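Just so it is clear, the structure is predicted and the values come from calculations on it, not from any experiment. Just so you know, ligand 1 is whichever comes first in the structure, and atom 1 is the first atom listed for that ligand. Count residues from 1 along the sequence.
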Amino acid sequence: MMGQAFFDIENFACGYPSFRLSGIGFSLEKGSFAGIIGPNGSGKTTLFRGITGSLPPLSGRMLLNGRSLQSLSLRKRAQNIAIVSQFVDADQITVEDYVLMGRIPYYSRFQFFETSRDREIAEKYMRLTETFQHKNKLMTELSGGEQQRAAIARALVQEPELLLLDEPTSHLDITHQVRILNLLQQLNVQMGLTVLMVIHDLNLASEYCDRLLLFNEGRIVNQGKPDDVLTFETIEDVYKTPVIVRTNPYSGKPVVFLVSDKMMKSK
Ligand SMILES: Nc1ncnc2c1ncn2[C@@H]1O[C@H](COP(=O)(O)OP(=O)(O)OP(=O)(O)O)[C@@H](O)[C@H]1O
C-alpha cells in the first residue's frame, strides 16, 4: 500500500498565545504507520488539534489526497480522519451508543437514528476491540483501559483513511497495549489504514512504527525510520536524560534503556 502521496503538511503553524507549533512539515504515504514522540508539552496534541480543525491554522497547509483539508467540511473531514483523544469524554451513555456516535458523519440530512448497517459496523469494531461484551454498560462503568478501547472502536466506525491516536496505550496493561497495537497494525496492513499516533513508550514506537516524528519545543527536530531517530545522542539531547540504545536481536529495531542515577554513579 506504500508509495502514493497521501497526507502532506507544509510549513504548518497553529497554537495558543503562550505556545505555538511552527514550521511543521512532513508527508505520510498511504498505509504508513507513523509515531509522534517527544517530551511533555512539546506540541504533539496541539498538532492533532490543528489537523482535526479544532485549532485554526496560522500558516501553511495540509493536504489529504492532494486536497486542502481546510476546503473540506468538518463532516467530510470526519469521514476521512478520525481521532482517539488522550482523555475519553465518557458520559452517561451506553458503550454501544458511544461507539455509534462515530457513524454521525455518515448520517443523511434528516436522519436522526442509526441504521442496521451502522449497528453492524459498530458490532464489528466492538468485537475487534474486545468491547462488545460491555455494549450495554454505561461508559462511566468501564475501567480507563476499557474506555480507551471503546474510544478506538468509535474512531474505527468512522471508517477513516487516516487514524490519529493520542497516546492510545496510556491506560492499558501490557497485554492490551500489545493487542491494541497489533489490531492497529492488522488494520494498517490489511486495509491500508494510515496510522499517526502519539506514543511515549519509545520501545513500542520503535517496534510498531515505520516512521517517527520527534517533537521538541513546538518543532519537529528529527524524522525518519526508528533507526535514524532513536539514537542515543538525539534522545539525550531532546529528553535531557541519559539512555543506552541497543538493537533488539529479534526485530533488529532500536531498544532504549533508561539509566538511573544509581546506575550512573556505579559506573
Ligand atoms: N488549551 C490550551 N490553552 C493554552 N495553552 C495550551 C492549551 N493546551 C495546551 N497548551 C500548551 O501548549 C503546549 C503544548 O501542549 P501539548 O498538549 O500539545 O503538548 P504534548 O506534547 O501533547 O504534551 P504531553 O506529552 O504532555 O501530552 C504546552 O505548553 C501546553 O501548556
Side-chain angles (χ1 to χ4, degrees), residues 7 9-26 28 32-62 69-70 74 77 81-90 144-145 147-149 151-152 154-155 160 162-174 176-177 180-181 184 194-209 211-224 226 229-231 234-243 254 256 258:
F7 185 59
I9 293 198
E10 294 166 12
N11 197 26
F12 183 74
C14 69
Y16 314 98
S18 57
F19 177 85
R20 185 191 258 232
L21 273 185
S22 57
I24 300 297
F26 63 90
L28 297 181
S32 51
F33 198 118
I36 301 180
I37 55 174
N40 291 138
S42 56
K44 305 178 298 295
T45 300
T46 306
L47 172 68
F48 279 3
R49 301 195 69 203
I51 297 175
T52 54
S54 61
L55 273 179
L58 299 171
S59 71
R61 56 184 198 155
M62 295 182 287
L69 269 194
Q70 282 111 289
L74 286 179
R77 220 187 266 213
I81 301 178
I83 180 161
V84 179
S85 301
Q86 202 169 358
F87 302 104
V88 178
D89 48 346
Q147 286 182 358
Q148 206 155 19
R149 285 185 279 134
I152 292 172
R154 185 173 77 166
L162 173 63
L163 180 63
L164 309 175
L165 304 115
D166 200 346
E167 297 180 42
T169 54
S170 58
H171 287 107
L172 305 182
D173 62 51
I174 51 171
H176 283 106
Q177 284 184 20
I180 283 295
L181 291 173
L184 294 172
T194 305
V195 175
L196 178 61
M197 67 174 173
V198 173
I199 183 155
H200 278 296
D201 187 317
L202 300 178
N203 293 326
L204 289 176
S206 174
E207 211 48 55
Y208 282 89
C209 299
R211 179 86 194 283
L212 294 178
L213 308 167
L214 174 61
F215 275 61
N216 196 25
E217 297 177 352
R219 292 183 168 271
I220 296 179
V221 292
N222 207 317
Q223 56 176 303
V229 177
L230 297 177
T231 63
T234 306
I235 297 173
E236 289 196 350
D237 185 41
V238 169
Y239 288 90
K240 310 285 180 229
T241 191
V243 293
V256 179
L258 304 179

Does a side-chain heavy-atom distance below 4.5 Å link [X] with [Y]?
X	Y	value
Y239	N216	no
L164	I81	yes
M197	D166	no
I51	I83	no

- Message: As a test of understanding, state which of V238, L47, V221 forms a side-chain contact (heavy atoms from CB on, under 4.5 Å) with F215.
- Response: L47
- Message: Residues around ligand 1, heavy atom under 4.0 Å from any ligand atom, sorted by chain and number. Can you pull those?
- Response: Y16, S18, F19, P39, N40, G41, S42, G43, K44, T45, T46, Q86, E167, H200
- Message: Measuring from atom CZ of F26 to atom CD1 of I9, what distance do you get when rounded to the nearest 0.5 angstrom?
- Response: 3.5 Å
